[in-house]
Structures are given as C-alpha cells and as structure tokens.
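Read the structure below first, then the notes.
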Amino acid sequence: MNLRWIASALVLLAPLAAAQETPMPQKIVGMYVHQHWSYNHPYAARTWTLDDWRGYLDALHKVGYNTVLIWPVLETMPEPLTDSDRESLAKIAKVIDTAHREHNMRVFITLCPNVAPKDAEAAKYTFEQRPFFYCDYRVDPADAVALGRLVDRREKLFRELAAADGVAIIDSDPGGYPGSNNVEFAYLLGAHRKMLDRVRPGMELFYWIHVGWESYCRYYLTGEFAMGEQAEVEDAISLLARLKPEPWGIASGRGAGVADALNMRDRVMTFSYGAIEGEPSFPRINFGGESAFKAGHDGGARGTMGNAQTHCVQLPNTFAFARGAQGLPVADADYVRFADDLIPGQGALIVDAWKSIAGDGANANAIADALGALPADALKPGPLRGFLFGDVRRFVDDLILQLRLNAALYRFHEAAMAPATDRARAADALEAFVSAAEQWQGRHGYKNNWGWSNLDEALRKLNIPEINAALENRNYLGEGDTPFERIQSGFYKVETYTPTLLKAMRNAVGTLRMP
C-alpha cells in the first residue's frame, strides 16, 4: 500500500497544535556521543567499556553537562542480533542507568529516520567493527509494509533502552528517500511516536532539523546538494505539530529562532553541529576560536547540544562549549585550570600543546620533547580523570604524536608552496609528514574522510595524478545508474578514504624523487 495520499489526508485534516505553556525543565547542556565510525579504543565511542562511559559521564558532569545524546546505531543491527550487538544494547542500557542514578543526567537516543540493516551483510561484522554504509539501506516511508517492518524491528531493540528520556530523529544524513516529502516524514515521526508510547509513555520525541527532509530527498533524486529553505523546514514543523506527538521538541541546527513564525520557540534545543568537532573528521585537537563557546552560549529555550566524534581528543572544545552554556568565561587561565584537573601540575604545558597543535607548529617539537621527558610521578590523574579513559600516558603520547604531525605538516606545506618547488625538498618533507601521519593514524585507526585545507592546498600544488585522484574521490559521488546510487556508492568510498590518501601520499614521495 502506498501511504502518500493517506498520510496527506491524515496530517492535513488535523488541527495545528498550539504551543503549550508547560513548566520548563533545567536547560539542556548536552553532548552527543556519535558511534557511526569504526576505529580504535578509546577513540571511537562504540569501543568504550562501561567503565569508560562511567568515567566520561563523571567528567562531563563535573564541567557542567547535564545531558547526553547517544547514537547506539540500531540501524545496522541485524536480525538475529550478533552477540556483540546484544552486548552493546545491554551496555547502553547500563549507561542510561548510570547517568540517571549517579549524575541525575538526562539521556536521549538518536535514530536515523528510515535506515534499515542489510541483515546478511551486517551479520558478518561485530558491532565494534561494522562499516555503516556497507550494511544499510533506505526504506521508502510511503511503503506501509516496509515502514511497519522497520518500526517493529526498532521497537524490539528499543525495549532494551526504555529508560531513556527521549529520542531525536534527524531529518537527513543518514536518511531520506528519493522524492519523498514532508508529509511522509511527519507520518514517519508519528509512527515512531506511537512506537515509543508502546515501549514507555512519556519519552520525548525530538525532530532534529539538520539539512531538511525534502531538501535531502531532492539530493537523492537529483545529485545536487542544497540546504533546505526555511519555509520548507517550517512546513515540516507544522505538519508534525498537527499530529500532536506529545511530549515533543525541536533540535535545531538553524538557531533558536527556527520556530518563531509558528510560536514554538519554547520547544527548541539548539544543536550547532560541528562547533566542537566536525564529523567525519580525521582526529586532531581543536583549540581556540569562538565556535564551541558561542554554540554553547547561544542556546534555545530548551538549551543546547554539542557533538564530538573523537571525545578523548576534543577536550578543549568540550570544555569551551560547557563554559559558554553556563555563561562562564573561557580564557587561557581557565583552560590551564581545566588541564590541571586532567593532570595536576601540567596544565600550562598541556595548554601549550593544544595551542601548538591548532597553530602553525613552530614550537611543536620542543613541546613534544618536554612532554616526553615528564617522569611517571608527574603523570597522576586529577579530578577530571574520566576524560583520560584510564590511561594518562596514552593521553600524553597522543599529544606528542599530534605535535610531531603538525610540525611535519607545516614543513611540508612550506616546501610544497614555495614559488619554485624544490622536488627533493618537497619529497623529504612529504615523507616526514606521511610517516608522522601513519604513526598517529595507526594509533587511532580512523579510516574515513580526511580533509585539511592546508594539506589539500600543498598536495594539489604537487600536481601528481595519484594524489589528484585521491582528492577528487572525496566528493561523495561514486558509480551508479541514478543519482541515489551514485551518492550511496560515494558513501562506501568514505568508509576507507584515509588509507587511500595515505597510500597515495606515500607513493607520491617516490614520484617526487624520480629524475
């Protein structure tokens, strides 16, 4: 049965729900724990143990967070579940209990709107190692039978997570279906509202506005990407409101004013995706600037949510976001105190390392030498030890590897961008950079998208065919007969992009050395 005309009638005949005057809970200061990408422990959140989670929640709470949003990646869990999937579900259930019981923190769960697993393919992998885009497909939300199967599967899984405070369903990446419309999206959200009520009434449903449902579905139809217009997003909100899916809210990447025209500002939690760390992104510390602080500060009526991909790396921006959300300053002295709470007595040196990793790398090797010379008795964890994931030396060694990498990057950039490129000098500098990158990548194991503007600029200046081809392969488009198939094929390539680029750079060293 096709639902397009049925859903239109059901949604459009319902009266628009007025904004309700309800007592507001404590404003959300939240962190999104994203588990899409598969890489090493403790860098990828899907590898965390329950003790890792307990420590991370404790540290988050101490710096001012009161909410976590977790993506448990139910979308690629096969039927029947593997042992690792069952273990992951049980672990997240315990994380919810820990957050509630030990820190009085709220826990929301992320779901992709219409993503389902390819059972046979997904069953080949453990939960920790499963590549998302090899194991998923998109369900047509107008297909009543397929949508019913999807929601039924999710209900079985979600009963393990019934203690969660709510669910956020994103309107786009990953999600969408070629040519689908807002009416179908509203119907899909309504079906999930009914599912949540069967699991445990009272769980909040958040419509997470990202690209916009109709715009992303046009992308799948045409291959031309564009962010959704404001009127399109307001239309989706209005259609959802007609369903009265209480309790519900809006997680907005468009700022707190996205629902002003509909008198629904009191439902908005801002979600400035990428302000702490972009995703997918090759792990590297972000430090300085105002993006994280401002995203925390400019919260909606319900509060603000931040996101990171490699949580044990993005500590400075995690701190800056929380300071902004609490209306507190974040100057150098504040960062030093924060770092001293990681490793007492080493705050100034750690902040110097953060600055150098995010800067021009001029003094990076000297700082790396100083960190490497620290004796064992100087590496005792402080009150924010949960951010160190049980290993102070690992944290320090990570700083050293990133410092060496940044120093090598800037030497290579300088050599490549010289007016008259000295090929031998460029080859030496590129070889040093690739070696440093391989060491750091070998540690964290991240394999997915990688794009740094200064690296790209230097690589393009070399004008080596294999490098150029690798850079072009990052455009999210692959092979296929339709735009949707080409986009899906592009997603596959992103799963293994970093090893491809590393190999191309390693080969380019030899090319540069050729007479």
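Keep in mind that the numbers below use all heavy atoms, side chains included, and drop hydrogens, waters and symmetry copies.
For the side chain to side chain contact (heavy atoms under 4.5 Å, CB included) with W450, the qualifying choice from T500, D456, V494, L502 is L502, the only one to do so. When W71, F108, W208, F206 are each tested for a ring pair (Phe, Tyr, Trp, His ring centres under 6.0 Å) with Y32, only one passes: W208.
For residues 378-396, the pairs satisfying salt bridge (Lys or Arg N to Asp or Glu O under 4.0 Å) are R393-D397, R394-D398, with sequence neighbours left out.
R138 pairs by the salt bridge (charged side-chain N to carboxylate O under 4.0 Å, His left out) definition with D136, not counting sequence neighbours. Remark: K294 pairs with D298 by the salt bridge (charged side-chain N to carboxylate O under 4.0 Å, His left out) rule, at least two apart or across chains. Legend: residues meeting side-chain hydrogen bond (donor to acceptor under 3.5 Å, both in side chains) with T496, ordered by chain and number and at least two apart, are absent. Listed by chain and number, the residues in a side-chain hydrogen bond (donor to acceptor under 3.5 Å, both in side chains) with T310 are Y39 (sequence neighbours excluded). Every residue was checked against the ring-ring contact (aromatic ring centres under 6.0 Å, His included) condition with F293, not counting sequence neighbours, and none meets it.
Side chain to side chain, D52 and H41 meet the donor-acceptor criterion of an N or O pair below 3.5 Å.
H311 is listed as a side-chain neighbour of V33, based on a closest heavy-atom distance under 4.5 Å.
Taking the six-membered ring for Trp and thresholds of 30 and 60 degrees, Y446 and W37 have ring planes more than 60 degrees apart, a perpendicular arrangement.
Not one N or O on the side chain of S356 forms a donor-acceptor pair closer than 3.5 Å with the backbone of D352.
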